[in-house]
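Below you'll find the structure, written out as structure tokens, and then a few comments.
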Amino acid sequence: MAPLIGIVLGLLALGVVALPFLKRGHPLGGGDALEVLQERRKGIYRDIQVLHNDLNVGQVSQLEYQERLQAYRLQAALLLRDEDRFQELDQRLEEAVLALRQDPRGTLTVGEGPLCPSCGRPAREGLTECPSCGASLHRSLSSS
Amino acid sequence: MAAVGVISLYLALVLAVYALLASLLGRARSSTQVLQSARNAAYLIPGILGLATVVLVAAFLTHDFQFKYVASHSSLDMNPIYTWVAFYAGNEGSLLYVALSLAIFAAIAIVLAPPSLSQSLPYTTAIMMAVLIFFLLVMVTLANPFATLVRPPLNGQGINPLLTHPGMFFHPPMLMSGLIAITVPFSMVMGQMLSGSVGDEWVDQARVWSLVAWAVLGGGLLLGAWWAYTILGWGGFWGWDPIENVALMPWLALTAFVHSIMVQKRRGMFRMWNVVLMNIAFTLALFGVFINRGGPVPSVHSFASSILGWAFLAFLGLSLFFSFGVFFFKYRDLKGMVSLESTLSREAAFLLNNLLLLGVTFVTLWGVVFPLVSQMFQGVTVTVAAPFYNQLNGPILLALLLLMGVGPLLPWRHASGATLWRAVRAPGIAALVVMAVLLVLGVRVPAAVLSFGFCSLVAVSILREWARGVRARHSHGESYPLAFLRLLAANRPRYGGYIVHLSIILLVLGVTGSIFYGVKRDVNLAPGDTVRIKGYTVQFLGARTVDWRDRTEYFNDMLVTLPTGKDVQVTAWRAFYPDQNIGTTRAAIRSTPLEDLYIVTSESLGNGRVVFRILVNPLVWWMWLAGLVFIVGTLIALWPQREVELAFAPSGQGMTPAPAGMDPWPRS
């Protein structure tokens with residue numbers, strides 16, 4: 001009886017552990033980056049809520065309230081900017097991939113110029129190296 | 001079925017090793033598949049260890065004495081209700097319990113980890129798994145709960161009678177869970193450092209998990225005090241016993257951490273200090289397990305002494321080397337941009353609070369290790385008793401109490417003398433009035449007067465802030481009860497913390513009252529004899545004896561005339577277990593908010609006469625109430641803040657965050 005239970009448990013464990021390898025994955029962090037930015041922004045909003053409450057119950061002075069509120073606003077605005085950039089880049093990548101599927105011999109370009117195959121950031125036409133990461137821009141998606 | 005238990009342990013071990021290696025490999029290769037596989041392995045372990053637990057508990061219920069552990073810690077006479085207690089009554093079972101707790105905590109921590117920790121989570125998982133592997137390895141090599149006997153006995157040796165108490169259902173498991181739960185925030189801190197991240201993403205999660213460990217450990221300590229008070233029969237609740245101390249020390253270090261982490265969150269300060277505090281807390285937790293399971297120090301709690309001490313000592317050394325090694329190599333990343341602006345500020349108060357808490361911790365640590373040191377260097381074991389701790393820790397704890405009242409009144413960054421005076425004036429006057437009244441009423445012990453005075457200072461400062469907040473909300477149209485509830489909800493960590501401070505005040509009231517104003521008498525009474533003590537008249541009515549297979553129980557009935565003139569009958573119970581040569585007691589306790597009348601049987605003399613110890617302990621009732629308040633406060637502090645939606649609304653001053661669901665209370 002015990003060996004049978006052991007075998008069943010072992011197979012069950014093996015199946016659960018092997019399950020992720022049967023699904024297609026994506027590189028680490030790719031899907032999480034936007035969530036991280038949004039999570040941080042939510043945290044700042046919570047801090048602002050607490051700050052408002054602190055002001056109203058006399059826990060912070062008006063001066064400290066203004067200072068901290070401005071700092072929070074700046075942080076939130078920067079995060080919002082990063083989110084916008086991320087979403088815009090994501091959208092352009094989607095469009096570029098779609099275009100490439102329609103014309104597999106083309107170069108991976110987004111908008112006005114090509115995208116770096118290494119870091120994914122846009123680069124101007126005519127450059128041989130990516131200004132962001134220094135990788136070679138000669139490699140097209142179809143040859144990689 | 002023992003084989004199923006053994007298989008479960010080995011399978012859990014294999015899964016933990018896999019989870020550790022796959023976490024590191026997945027992180028190194030940035031493979032979500034490998035990382036998810038590692039997480040799946042970690043999620044499976046609680047189920048596998050849960051199965052092992054079920055097997056062991058079932059063996060106790062069916063009196064399967066083929067299990068060596070069951071034969072050693074239970075018998076046919078054992079009340080089945082104590083099966084759960086017997087499960088962790090010895091080393092083997094308690095190690096299984098600790099491993100199960102850690103596996104559950106680790107799985108929950110991984111599931112709840114926010115996306116911002118995705119870079120450090122693999123390291124965090126690996127460290128939690130490394131600790132789990134240690135406990136599993138100890139079980140499969142040195143203390144297997146599923147070891148079997150070739151010739152099973154017809155009856156087992158029985159459970160330690162001191163453990164047959166309701167408090168034992170929660171006190172030991174809460175202590176063990178609390179100690180091992182410190183692994184989670186420790187792993188988060190270490191994981192963040194190993195990931196190379198210099199941010200403070202870990203702060204919120206580490207705070208929550210520290211609070212969980214701190215609350216569970218604190219609850220376990222208080223339940224232990226209740227157990228000692230009712231069953232050990234000496235009339236006290238805290239004896240500075242080494243096993244009590246080793247659970248108290250990590251709790252004190254965690255108390256420092258949960259305060260200090262707030263400074264990091266608010267001001268970005270104390271980043272290195274917080275890592276050091278967490279390392280200290282984790283090291284002390286492992287030290288607690290080492291003393292508890294290894295048993296090098298004699299204690300009333302030493303139910304499970306063994307040679308395991310060396311294994312735990314080695315692991316303690318390894319973890320110390322690892323944690324401070326990581327700190328040494330990474331501490332440059334932790335340097336903050338903000339420094340202390342003034343010694344008269346909230347930050348400085350937090351720092352002083354930390355130093356005082358660590359002061360109590362190290363005094364206690366010295367008291368615990370001194371017998372070992374004296375044995376090592378002088379060949380003589382010197383016992384460190386309560387007066388040592390009381391004399392050294394007493395003044396520090398009083399200073400902490402004062403700081404608990406003054407600290408929250410100080411503004412962040414810097415305060416002027418005038419600001420401080422305005423903040424402290426009302427609570428300070430209240431404290432002085434209380435102390436004056438106490439002196440007039442005849443309370444002359446300086447420590448007691450200061451203690452009660454500081455308690456009133458803390459209470460008034462908290463109640464005043466609540467009153468101010470409620471009034472402000474009420475002026476915007478909220479009813480008083482609603483205003484109070486919304487005030488608590490608006491900043492749960494702070495107001496939950498204040499409720500915990502109130503529970504500490506209740507605890508201090510009980511401790512101060514019973515230490516300084518407790519009355520104790522040992523009396524030798526024959527049936528019909530009467531004794532008077534502090535307004536109570538106690539008449540011994542007679543003894544009844546009941547014989548059981550494993551024990552003889554003695555019921556000593558007393559008629560007590562209360563100071564109010566009312567008569568009540570109470571019974572002091574005592575039992576003797578001849579096979580184990582152990583006696584156990586249940587005190588007769590008549591408890592009121594003012595004081596406890598506590599009667600315990602010391603010895604039955606055989607000629608009908610019985611020796612009793614009778615105590616009147618003032619204010620002890622408030623200590624047990626403190627436990628409930630402590631739980632409520634911690635739950636509020638832990639409860640997540642309301643979720644905000646991500647949206648921006650225009651305002652006259654540019655971009656103004658206006659999260660939906662935000663407090664609708666009008667802004668001033």
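Numbered from 1 within each chain, the chains take letters A, B, ... in sequence-line order.
A:Glu39 contributes atom CD, which lies 9.0 Å from atom OG of B:Ser118 (distance to the nearest 0.5 angstrom). The distance from the CZ atom of A:Arg46 to the CG atom of B:Asn491 is 12.5 Å, given to the nearest 0.5 Å. To the nearest 0.5 Å, atom CD of residue B:Gln33 and atom CG of residue A:Leu19 are 11.0 Å apart.
Contact of B:Pro411 with chain A is not made at all, since no heavy-atom distance falls under 4.5 Å. Of the atoms belonging to B:Leu51, it is side-chain heavy atoms, and not backbone ones, that fall under 4.5 Å from chain A. Heavy-atom distances place no part of B:Arg29 under 4.5 Å from chain A, backbone and side chain included. With a threshold of 4.5 angstrom between heavy atoms, B:Ile48 approaches chain A through side-chain atoms but not through N, CA, C or O. Only the side chain of A:Ile5 comes within less than 4.5 Å of a heavy atom in chain B; its backbone stays farther off. With a 4.5 angstrom heavy-atom cutoff, B:Arg471 does not touch chain A via any of its atoms. Within the 4.5 angstrom heavy-atom criterion, no atom of B:Arg492 approaches chain A. Contact of B:Val34 with chain A is made through backbone and side chain together, with heavy-atom distances under 4.5 Å. In this structure, the portion of B:Tyr18 lying under 4.5 Å from any heavy atom of chain A is its side chain and not its backbone.
Between A:Leu9 and B:Ser8, the shortest heavy-atom distance links the atoms CD1-OG, 4.4 Å. Taking every heavy atom of both residues into account, A:Gly10 and B:Leu11 meet most closely at N-CD2, 4.2 Å. Closest of all the heavy-atom pairs between B:Ile7 and A:Gly6 is CG2-CA, 3.7 Å.
Heavy atoms of other residues, nucleotides or ligands lying less than 6.0 angstrom from OH of B:Tyr10 number 12 at most.
Side-chain contact annotation: B:Arg473 with A:Asn53, donor-acceptor N/O pair under 3.5 Å present.
A distance-only check finds a donor-acceptor pair linking the side chain of B:Asn40 to the backbone of A:Val16 [under 3.5 Å]. Looking at B:Ser37, its side chain never comes within 3.5 Å of a backbone N or O of A:Pro20 through a donor-acceptor pair. Between the side chain of A:Gln49 and the main chain of B:Ala490, no donor-acceptor pair closer than 3.5 Å is present.
Of the listed residues B:Ala38, B:Gly47, B:Ala3, B:Pro114, the one with more heavy-atom pairs under 4.5 angstrom with chain A than any other is B:Pro114.
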| request: Report the C-alpha distance between A:Asp47 and B:Lys265 in whole Å, list the side-chain angles of each, state the deciding distance to 0.1 Å, and finish with yes or no for side-chain contact (heavy atoms from CB on, under 4.5 Å). | output: CA-CA 10 Å; A:Asp47 291 341; B:Lys265 183 170 171 54; 3.8 Å; yes
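A salt bridge is absent between A:Glu64 and B:Arg267: the closest approach of a Lys/Arg side-chain nitrogen to an acidic carboxylate oxygen does not fall below 4.0 angstrom.
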